[in-house]
Amino acid sequence: QVRLVESGGGLVQPGGSLRLSCAASGSIESIVNMAWYRQAPGKQRELVALISSIGSTNYGDSVKGRFTISRDNTKNTVYLQMNSLKPEDTSVYYCNCNARLRSAVGIFTYWGQGTQVTVSS
């Protein structure tokens, strides 16, 4: 199985920056996509950003130009640099990956436990 551990959340003032990290560990053969989603109270989970194994990226409309996703394949780690944060970015941010395992055939989806980001003055 695969374990995803997120870090870097917290409280930040509007206009500030935060950097989230998510490290994947376990019986991983390779990771296809890595992504960040977020879910605010009473709202559906939404895609924030996604990065493929070759570095192609996709962003949610609300974060384009402010957030940057990157990954270190040698560490099975994905990052989310969040700049110009707004109160509406307040949410629980979840790491996600699609991975091939050494012990099974197919591609499996895994989620982290989430990290809280609060943007408030």
Side-chain angles (χ1 to χ4, degrees):
Q1 298 300 317
V2 175
R3 182 185 182 206
L4 298 176
V5 178
E6 300 125 331
S7 61
L11 173 65
V12 63
Q13 292 187 341
S17 298
L18 279 176
R19 188 189 194 214
L20 305 182
S21 299
C22 172
S25 61
S27 183
I28 300 170
E29 178 178 310
S30 64
I31 298 179
V32 181
N33 296 327
M34 301 190 82
W36 290 95
Y37 288 75
R38 66 186 182 187
Q39 187 169 19
K43 295 188 176 181
Q44 289 189 337
R45 190 170 295 190
E46 64 174 355
L47 174 69
V48 176
L50 178 147
I51 186 166
S52 74
S53 58
I54 59 171
S56 299
T57 58
N58 186 31
Y59 293 92
D61 288 341
S62 62
V63 306
K64 286 180 181 176
R66 300 188 297 123
F67 291 10
T68 302
I69 190 170
S70 61
R71 66 190 279 179
D72 184 338
N73 291 332
T74 65
K75 298 179 180 179
N76 287 335
T77 299
V78 63
Y79 306 96
L80 185 68
Q81 178 65 42
M82 304 185 292
N83 298 330
S84 302
L85 282 160
K86 305 175 182 179
E88 50 264 44
D89 294 317
T90 296
S91 191
V92 178
Y93 284 70
Y94 296 92
C95 179
N96 165 277
C97 82
N98 299 317
R100 294 185 176 90
L101 306 181
R102 296 192 186 101
S103 58
V105 175
I107 298 175
F108 301 89
T109 299
Y110 297 94
W111 291 91
Q113 292 189 326
T115 184
Q116 177 71 45
V117 172
T118 302
V119 185
S120 175
S121 55

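Basis for what follows: all heavy atoms, side chains included, without hydrogens, waters or symmetry-related copies. Just so it is clear, the structure is predicted and the values come from calculations on it, not from any experiment.
Applying the side-chain hydrogen bond (donor to acceptor under 3.5 Å, both in side chains) test between T109 and each of N96, N33, N98 identifies N98 as the sole match. Tested against M82 for a side-chain contact (heavy atoms from CB on, under 4.5 Å), the candidates V117, V119, D89 yield a single pass: V117. Considering I31, T77, N76 in turn, I31 is the only one that fulfils the side-chain contact (heavy atoms from CB on, under 4.5 Å) rule with R71.
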Could you walk me through whether L11 and S120 satisfy the side chain to side chain contact (heavy atoms under 4.5 Å, CB included) test, starting with their C-alpha distance in whole Å, then the side-chain angles of each, then the deciding distance to 0.1 Å, before giving a yes or no? CA-CA 7 Å; L11 173 65; S120 175; 4.2 Å; yes
Would you check, one step at a time, whether the test salt bridge (charged side-chain N to carboxylate O under 4.0 Å, His left out) holds for D61 with K64? CA-CA 5 Å; D61 288 341; K64 286 180 181 176; 3.1 Å; yes
Test log, rule side chain to side chain contact (heavy atoms under 4.5 Å, CB included), inputs R66 and Y59: CA-CA 10 Å; R66 300 188 297 123; Y59 293 92; over 6 Å; no
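Side-chain contact between P87 and P14 is present, with at least one heavy-atom pair separated by less than 4.5 Å.
One finds the CD1 atom of I107 at 10.0 Å from the CG atom of L101 (value rounded to the nearest 0.5 Å). Rounding to the nearest 0.5 Å places CD of Q1 at 10.5 Å from CD1 of I28. N83 CG to T68 OG1: the interatomic distance, rounded to the nearest 0.5 Å, is 6.5 Å. Taken to the nearest 0.5 Å, the CE atom of M34 stands 12.0 Å off from the OG atom of S52.
No more than 12 heavy atoms of other residues, nucleotides or ligands sit less than 6.0 Å from atom CD of Q113. Summarising the local packing, CD of Q44 is surrounded by 12 or fewer heavy atoms from other residues, nucleotides or ligands at distances under 6.0 Å.
S21 places no side-chain N or O within 3.5 Å of a backbone atom of S7 that could act as its donor or acceptor partner. Panel note: side chain R19, backbone Q81; no donor-acceptor pair is recorded below 3.5 Å.
Taking the centre and axis of the six-membered ring of F108, the NZ or CZ atom of R100 falls outside the cone set by 45° and 6.0 Å.
Follow the hydrophobic side-chain contacts under 4.5 Å out from V48 and you never reach W111; the two are in separate clusters. Transitive grouping of hydrophobic side chains (ILVMFWY, heavy atoms separated by less than 4.5 Å) keeps L47 and L85 in distinct clusters. Cluster membership for I51 and V2, using ILVMFWY side-chain heavy atoms within less than 4.5 angstrom, is shared. No single ILVMFWY cluster, assembled from side-chain heavy atoms under 4.5 Å apart, contains both L50 and L4. Cluster membership for Y37 and V78, using ILVMFWY side-chain heavy atoms within less than 4.5 angstrom, is not shared.
Taking the six-membered ring wherever Trp is involved, the centroid distance between the rings of W36 and F67 does not fall below 6.0 Å.
Counted by atom type alone, R38 and S62 present one or more donor-acceptor pairs between their side chains at under 3.5 Å. At a cut-off of 3.5 Å, with distance as the only test, no side-chain donor of E6 or Y94 sits close to an acceptor on the other residue.
Heavy-atom minimum distance, L80 versus A49: CD1-CB, 4.2 Å. A pairwise comparison of heavy atoms in A35 and I69 identifies CA-CD1, 4.2 Å as the closest pair. Closest non-hydrogen pair, S84 versus S17, comes out as N-OG, 4.4 Å.
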